[in-house]
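Here the structure comes first, spelled out in structure tokens, and everything after it is commentary.
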Amino acid sequence: MGEVIVITSGKGGVGKTTTTANVGTGLAMLGKKVVLIDTDIGLRNLDVVMGLENRIVYNLVDVVENTCRIKQALIKDKRYENLYLLPSAQTKDKTAVSPEQMKKLADELKEEFDYILMDCPAGIEQGFKNAIAGADRALIVTTPEVSAVRDADRIIGLLEANEIRDNHLIVNRLRTDMVKEGNMLSSDDVVEILAVDLIGVVPDDEQIVIATNTGEPLVGSDSKAGKAYMNICKRVLGEEVPFLDLEETKGFFEKFKAIFKRS
Amino acid sequence: MGLLSNFFRGSENSSDIAKNRLKVAITSDRAVCSPEIMEQMKIDIIQVISKYLDIDTDGLDIRMTKTELEDSNQTINALLANIPIREDSRNFRKNR
């Protein structure tokens with residue numbers, strides 16, 4: 001029996017889709033059979049982040065409306081054969097699918113897959129309700145900003161109200177240099193405010209932009225973000241992994257330059 | 001810039017400001033009731049209790065809090081009401 005994980009945040013643009021792509025790919029790298037579902041109907045994104053946009057034939061709405069069978073709509077990943085994507089529809093809107101239908105779909109996929117990852121749209125309306133309908137647990141993505149943290153708190157409340165209590169927090173796009181200067185909330189600050197267990201801290205890493213450009217998730221790569229995502233995957237599987245030291249390891253010359261840049 | 005401007009601005013840096021603002025915003029977000037409903041409920045509670053006890057309505061304090069359940073680690077919302085009773089409450093009842 002598989003497990004359904006919803007990746008959600010409330011606020012848009014904090015990295016839900018990137019997180020879904022990387023955590024999903026990482027779990028597949030660790031040998032799990034994984035399907036990623038883009039539940040953002042009308043604003044399809046996960047396919048381009050995964051680099052699979054050219055292979056779409058059927059989508060989530062087709063499956064729910066029985067236009068095709070589930071298997072026909074699943075797209076196999078380019079690199080990992082135990083990783084699949086169920087893309088969203090681009091021409092419909094959120095009302096094309098109901099929470100009951102999503103729950104039924106999730107239950108069916110649980111028979112076949114170890115992990116079903118739901119990429120949730122921003123907001124708390126129907127799209128959110130659809131995405132969490134069949135979820136067993138949630139990964140809440142936030143950035144260390146007041147707006148994102150506040151929305152995350154609202155989302156946690158709504159998840160709990162819907163009996164989803166196995167919730168973990170990912171603090172995304174953290175900049176250690178700014179935290180040190182006292183100009184950015186630390187991951188500890190965010191955890192203290194939200195009172196949810198932390199499952200990962202992903203540094204602000206330009207490699208993420210490059211990975212999205214090319215449509216190849218960077219999980220498992222040597223970059224800081226790549227390592228952080230792989231650690232999150234291991235923790236999702238229940239492994240205890242120490243948190244990365246995200247401190248910049250600067251050479252003497254860079255440190256020297258940094259002093260001058262500051263003043 | 002960083003060090004100097006921090007020095008002149010005093011001890012509080014922007015992440016502390018963010019943290020404090022968030023705590024306040026989130027506390028009020030988490031309250032189950034809007035201020036209007038709380039006020040209405042307060043009036044109703046005063047009405048009901050006044051039937052039986054002489055209470056000090058000025059010293060009355062009703063608010064939403066979080067409390068931890070004894071037998072589990074779950075925290076739940078709780079309505080906390082502190083309703084001071086006037087000294088001569090017994091006479092109040094007798095007189096009715």
Exercise for review: Nearest 0.5 Å please: distance from the CD1 atom of B/Ile26 over to the CG atom of A/Leu194.
Suggested key: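 Going from the CD1 atom of B/Ile26 to the CG atom of A/Leu194 covers 5.5 Å.
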
Got a second to check how far B/Asn13's CG is from A/Met184's CE, nearest 0.5 Å?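 B/Asn13 CG to A/Met184 CE: 13.0 Å, rounded to 0.5 Å.
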
Segment of B/Lys23 engaging chain A (4.5 angstrom heavy-atom cut-off):
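Side chain of B/Lys23 only, per the 4.5 Å heavy-atom cut-off to chain A.
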
Check: Crowded around B/Asn82 CG? As in, over 12 foreign heavy atoms under 6.0 Å?
Finding: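 Correct, the count exceeds 12.
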
*Residue A/Glu192 versus chain B: region with a heavy atom under 4.5 Å*: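 For A/Glu192, the contact with chain B is made by the side chain alone.
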
Which atom of A/Asn183 lies closest to which atom of B/Ser14, heavy atoms considered =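 Minimum heavy-atom separation between A/Asn183 and B/Ser14: OD1-OG, 2.7 Å.
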
Handout entry: Test item: B/Ser15 side-chain N/O and A/Leu185 main-chain N/O as donor-acceptor pair under 3.5 Å
Key =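 The answer is no, because no donor-acceptor pair under 3.5 Å joins these two groups.
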
- Any idea which of A/Arg150, A/Glu145, A/Arg154 has the most non-hydrogen atom pairs under 4.5 angstrom with chain B?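 If we count pairs closer than 4.5 Å to chain B, A/Arg150 comes out on top.
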
